[in-house]
Structure formats: structure tokens, C-alpha cells
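Have a look at the structure below, then the notes.
Note that this is a predicted model, so its numbers are computed, not measured. Below, chains carry the letters A, B, ... as their sequence lines are ordered, and counting in each starts from 1.
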There are 2 protein chains.
Amino acid sequence: MARKTGSHSNITGPRIREVALSLFAQQGFAAVSMRKIASEVGVQAGALYLYTPDKQTLLFDLMQSHMDELLAAFDIVEIAGSARARLEQFARFHIGFHMERPDAVFVAYMELRNLEPANFTKIEELRRQYESLLENIVKAGQVEGIFDVPDSKLATMALIAMLTGVNTWYREGGRMSRAEVEDVYAQMALKAVGA
Amino acid sequence: MARKTGSHSNITGPRIREVALSLFAQQGFAAVSMRKIASEVGVQAGALYLYTPDKQTLLFDLMQSHMDELLAAFDIVEIAGSARARLEQFARFHIGFHMERPDAVFVAYMELRNLEPANFTKIEELRRQYESLLENIVKAGQVEGIFDVPDSKLATMALIAMLTGVNTWYREGGRMSRAEVEDVYAQMALKAVGA
DNA sequence: GTCTATAAGATGATAGAC
DNA sequence: GTCTATCATCTTATAGAC
């Protein structure tokens, strides 16, 4: 029962974030106490405050990291080319990225309402940036005359919702492989805008 | 400050449900205390227990009512006809119904994880019933040979996610009218399945 | 039907020992 | 770096007065 005193800062920090993300996704930010997180990590509640100033900041850091990763990852794989090719690539990227980290995606969306106003504003700005990447593709397709969408903003929101929705049902090791799911969603996305 | 004792059972009951739904949607089930609900309603916390045995049942009743209403409402408007016509009608119904009650939709989806196992099972069953209404239309379109979808289950989930997503951005009195939004989503849904 | 008072326990965060 | 102990407050739910 008793736990040895010792130095684990390089392990405990990441573990706290990992455990917190998982618990926030499963039970919700407000339903998870600092004691629950600490217990799962294997430390006492007081020790958490060596790694985060408070619970709110812990949530905000998790959400900000997720959004930063998302933007950085797309930045690396983004391609030039026709709007059609770019949309297909965005759909495949989005699906793949979201399938790989369901907890982070869930928390980043569901816990927005638990952010303090200043933190909310920052996360919303990152989200807006990401959405505008897709909207630019949709607009390019309109300009090229190959997409049939009456409103680029609405089409963007519809596409993102459709693609993100994969996380409500996809489970690793299920009936379909990740690649199959990516294929089907990418085709539906292209058809939805009339490409 | 002091509040008169009096008889308000026919007003207080619905008010509690109304206030609870709104607060749960804004702040989340776990973040909303019985005292907050009572305070907003204008009664003391103890009085809530005349209308619900406990907080969990209050949540469950709100979610169950929503799902029952959803199924009953579709039952009334459901049409016969081609898969194309039925899908367009489903899309318009779904969009309209969801736009009218964003709080209930949000709670019914976001607070699933706060339901006790037995309650979760019941709500999931109602959700499954609703999804199967759409899947039947998708399958009919496959049989008729007018829909191009490799997997009816995946297409169903993608369509529902796309349509429900309207609630992430639509606000009454915004740039587009409800009818315009319905039109555009219905057309995107049809195109997404290749109709 | 509603109130006040209360039980029994959980919560976020801090101080100081080691 | 972590623990134990603690503060002040909040939590759900109930009992009994009116």
C-alpha cells in the first residue's frame, strides 16, 4: 500500500496527462476528481499540483496540445493540386488522424463548455483555423467549377461533421479496416460536394 | 428573499425539466448541482425531490423523452415511395427536428456517459431504432440500384453525423433560414449516397 | 407543496514533513 | 518528488415543520 518516495518527474508528468485524457473522455471533466486521476496514476492528489497549477489548466493543456498537433500534422501532409485531389486528401487525413486518438477528439469537442472564457477563445481560434483549411479547399472547388455547393461554409461544416462522426462507431479491430473506412468516407465526401 | 409556501405542482414539474435540460446542455450533467437547478427554478433543493427520485433519474427521463418524441415524430411524417424520396424526407425531418431542440439533442448525445448502465442500455436501444429507420432507406436504395454505397451501415452513420452536425453552428436568426439549411443538407445527403 | 436543517461524504487546493 | 494532513466548501439526499 505504502508508496516509496522517489523521483519520477519525467514519467509522472506524461502519465498524468495520459490518465486525465482517458478519464475526461470516459466520464467528463466535471465528473473526474483530482483524486481519481492521482489514484489511477499511482500518486497522491497533492502530487498532481507539481505538474499543473490547477484542474482547469490541465484540461486546457490537453485540448491545446491536441489542436496544435492536428494543425501541425496537416501542415506536413498538405498537398497542392486540384480541389478534388485536395479534398480527398483532407478527408483521408482527417479520418485517419481522428481514428487514431478518439479520446483527444472527444475531449476537445465535449469539454469546450468547461473551459474558462479566455481558454475557450484560444481553442475556438485553433478550431476555426482548422475549419478554414477545409473551407479553402471547398472554395477552390467552387472557383474551379468542379464542386456543386451553394454555400461553402455550410458545406465545410457538413463535411467536418460527417468525417468526425467516424469516432462514434469505429473501433480498432472491428468489421472494417482503417483503410477501408478511409476509402469510403473519402468517396462520400467527394460525392457530397458533387465532385 | 423568503419565498411563499404554495401549490405549484403543475408548473414546477415542467419548469424543473426545462431548467435542468438547459443547464445540463450548457454546463454538463456532472457540473450542475441540484441546488443550481432549484435556484434557477426558484425553489429550494429539497423541493426537487418531489418531482424526481434522484438526479440520475432526472437525466434519464429527459433523454428518454427526447428519444421517444423523435421516434414518434418520424412515425407521423414517414412516407412511402422511392428510396430517393424517402431519404430526402428523412434528411429534412432530421434537420428540422434537431434544429428545433438543440439542448435536448446535445444532452442526449453528450450525457450518455453519465447514465447508469441499465439506463444507458435503454437509451442506446432507442437510438439504434432511430438509426435503423435511416439504414432501411439506404438499403432500399441499394436494392433499387439508385444509391451507390459500399456499406449501408457506414453510410447511415456518415449521414446521421452530417445531419446532426447542423447543431454545432446553426443559430436561430442567423445568416440562413431554416428552410434554406434544410434544402442544402437534403441535397448533400442525396449526393453523398450517389442518388 | 415547499421550507429549513442536517447527515455523511466528496471536492480543489495548500502547507509542511521527509 | 511525493506524502500526509488539513481547510473551507460543496455535494446528494432525507426528515420533519408548516
Side-chain angles (χ1 to χ4, degrees), chain A residues 1-21 23-24 26-63 107 111 113-119, chain B residues 1-21 23-24 26-63 107 111 113-119:
Chain A
M1 232 48 168
R3 195 182 158 78
K4 283 286 190 332
T5 288
S7 175
H8 300 287
S9 75
N10 45 351
I11 289 185
T12 305
R15 272 293 288 158
I16 290 171
R17 294 167 57 86
E18 198 179 302
V19 165
L21 184 67
L23 289 176
F24 289 165
Q26 282 165 49
Q27 308 174 31
F29 175 74
V32 174
S33 68
M34 295 300 263
R35 280 169 182 78
K36 272 189 209 160
I37 298 171
S39 149
E40 188 100 348
V41 171
V43 296
Q44 291 298 314
L48 299 183
Y49 293 89
L50 294 166
Y51 300 93
T52 184
D54 51 38
K55 196 186 171 193
Q56 166 74 204
T57 305
L58 177 56
L59 174 63
F60 173 69
D61 286 346
L62 290 171
M63 293 173 75
V107 169
E111 303 301 349
R113 63 192 172 180
N114 284 306
L115 289 175
E116 286 167 5
N119 290 337
Chain B
M1 230 51 166
R3 195 182 158 77
K4 285 286 193 330
T5 287
S7 178
H8 299 287
S9 75
N10 45 351
I11 290 186
T12 305
R15 271 294 287 158
I16 289 172
R17 295 168 55 88
E18 199 180 301
V19 165
L21 185 67
L23 289 176
F24 289 166
Q26 282 165 50
Q27 309 175 29
F29 174 73
V32 175
S33 68
M34 294 299 264
R35 276 171 183 75
K36 273 190 209 159
I37 298 171
S39 148
E40 188 100 349
V41 171
V43 296
Q44 290 300 312
L48 300 183
Y49 292 90
L50 294 165
Y51 300 93
T52 184
D54 51 39
K55 196 186 171 193
Q56 166 73 206
T57 305
L58 177 55
L59 174 63
F60 173 68
D61 286 346
L62 289 172
M63 294 173 74
V107 169
E111 303 300 351
R113 61 191 174 183
N114 284 306
L115 288 175
E116 286 167 4
N119 289 338

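- For the pair L59(B) and V107(B), the minimum side-chain heavy-atom distance is below 4.5 Å.
- Between T12(A) and dG1(D), a side-chain N or O to OP1/OP2 separation shorter than 4.0 Å is absent.
- For Q56(A) (side chain) and N114(A) (main-chain N/O), a donor-acceptor pair under 3.5 Å exists by modelled atom type.
- Whole-Å rounding puts the L50(B) CG to dA13(D) C1' distance at 12 Å.
- In this model, the phosphate group of dT4(D) is approached by a side-chain N or O of Q44(A) to a distance below 4.0 Å at OP1 or OP2.
- Atom NZ of K36(B) and atom C1' of dT11(D) are 11 Å apart (whole Å).
- Across the helix from dG1(C)-dC18(D) to dC18(C)-dG1(D), the helix axis at one end is tilted relative to the axis at the other end by 0° (nearest 10 degrees, each axis from five pairs).
- No side-chain heavy atom of R17(B) sits less than 4.5 Å from a side-chain heavy atom of Y51(B).
- Atom C1' of nucleotide dA13(D) and atom CG of L58(B) are separated by 14 Å, given to the nearest angstrom.
- The CD1-P distance, from I37(B) to dT11(D), rounds to 11 Å in whole Å.
- In this structure, Y51(A) reaches the dT2(D) phosphate: one of its side-chain N or O atoms is under 4.0 Å from OP1 or OP2.
- Counting only distance, with no hydrogens or angles, the side chain of E40(B) and the backbone of V19(B) share no donor-acceptor pair below 3.5 Å.
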Show me the protein contacts with nucleotides 12-15 of chain C, counting only N or O atoms at under 3.5 Å.
| unit_1 | atom_1 | unit_2 | atom_2 | d |
| --- | --- | --- | --- | --- |
| dG12(C) | OP1 | K55(A) | NZ | 3.0 |
| dG12(C) | OP2 | M34(A) | N | 2.8 |
| dG12(C) | N7 | R35(A) | NH1 | 3.0 |
| dG12(C) | O6 | R35(A) | NH2 | 3.1 |
| dA13(C) | OP2 | Y49(A) | OH | 3.0 |
| dA13(C) | OP2 | K55(A) | N | 3.0 |

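- You'll find the side chain of F24(B) reaches within 4.5 Å of the side chain of I37(B), heavy atoms only.
- Separation of atoms CG (N119(A)) and CE (M63(A)) is listed at 9.0 Å; rounding is to 0.5 Å.
- For the atom pair T12(B) OG1 and L50(B) CG, the distance stands at 9.0 Å (nearest 0.5 Å).
- In this structure, NZ in K55(B) is found 4.5 Å from CZ in F29(B), a value given to the nearest 0.5 Å.
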